[in-house]
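Here the structure comes first, spelled out in structure tokens, and everything after it is commentary.
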Amino acid sequence: MPGSPTPSSAELATYLEQRGELSKPWMLQLLRLTKLKEAKASMDPDAYMASLQEAHADLMRLGEFWKGREQEVFSGRYQPETLIEPLPGSPEDR
């Protein structure tokens with residue numbers, strides 16, 4: 001069963017903007033990689049590899065950004081915390 005085609009970088013940017021997800025670093029990396037994939041044919045192979053390695057290094061610098069945000073990042077089922085501020089004197093209060 002064939003999968004859906006990969007959206008262009010313009011389509012992806014529009015989609016992310018409509019969903020308000022352009023501020024999420026992992027979504028920006030996805031957009032960056034999509035743009036790089038589109039430019040691959042017109043790039044020198046060495047420049048492409050250097051850009052790909054740079055993008056990979058930036059992605060690795062995000063670290064474990066997803067810890068505690070697994071639902072939001074991996075399933076798209078984000079639910080904000082019911083408690084906005086920690087209660088004074090609670091273990092979460094700093």
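Throughout, residue positions are numbered sequentially from 1 according to the sequence presented.
Side-chain heavy atoms closer than 4.5 Å link hydrophobic residues (I, L, V, M, F, W, Y) into clusters, and following such links, even through other members, never connects Leu33 to Leu28. Met60 and Leu30 fall within the same hydrophobic cluster, where Ile, Leu, Val, Met, Phe, Trp and Tyr residues are linked whenever their side-chain heavy atoms come under 4.5 Å apart, directly or through other members. Linking Ile, Leu, Val, Met, Phe, Trp and Tyr residues whenever their side-chain heavy atoms come within less than 4.5 Å leaves Leu36 and Tyr15 in two separate clusters.
With sequence neighbours excluded, no residue forms a side chain to side chain donor-acceptor pair (under 3.5 Å) with Gln29.
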Listed pairs under 3.5 Å, donor-acceptor, residues 51-58 side chains, sequence neighbours left out:
{"residue": "Ser51", "atom": "OG", "partner": "Ala47", "partner atom": "O", "Å": "3.0"}
{"residue": "Glu54", "atom": "OE2", "partner": "Arg32", "partner atom": "NH2", "Å": "3.3"}
{"residue": "Asp58", "atom": "OD1", "partner": "Arg61", "partner atom": "NH2", "Å": "2.1"}
{"residue": "Asp58", "atom": "OD2", "partner": "Arg32", "partner atom": "NH1", "Å": "2.5"}
{"residue": "Asp58", "atom": "OD2", "partner": "Arg32", "partner atom": "NH2", "Å": "3.1"}

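From Glu21, atom CD reaches atom CG of Leu31 across 12.0 Å, with rounding to the nearest 0.5 Å.
Open room surrounds NZ on Lys35; 12 or fewer heavy atoms of other groups in view lie less than 6.0 Å from it.
Here the shortest heavy-atom pairing between Pro7 and Leu12 reads CB-N, 4.4 Å.
Applying the side chain to side chain donor-acceptor pair (under 3.5 Å) test to every pair with at least one member in residues 37-48, sequence neighbours left out, gives these pairs: Ser9-Glu38.
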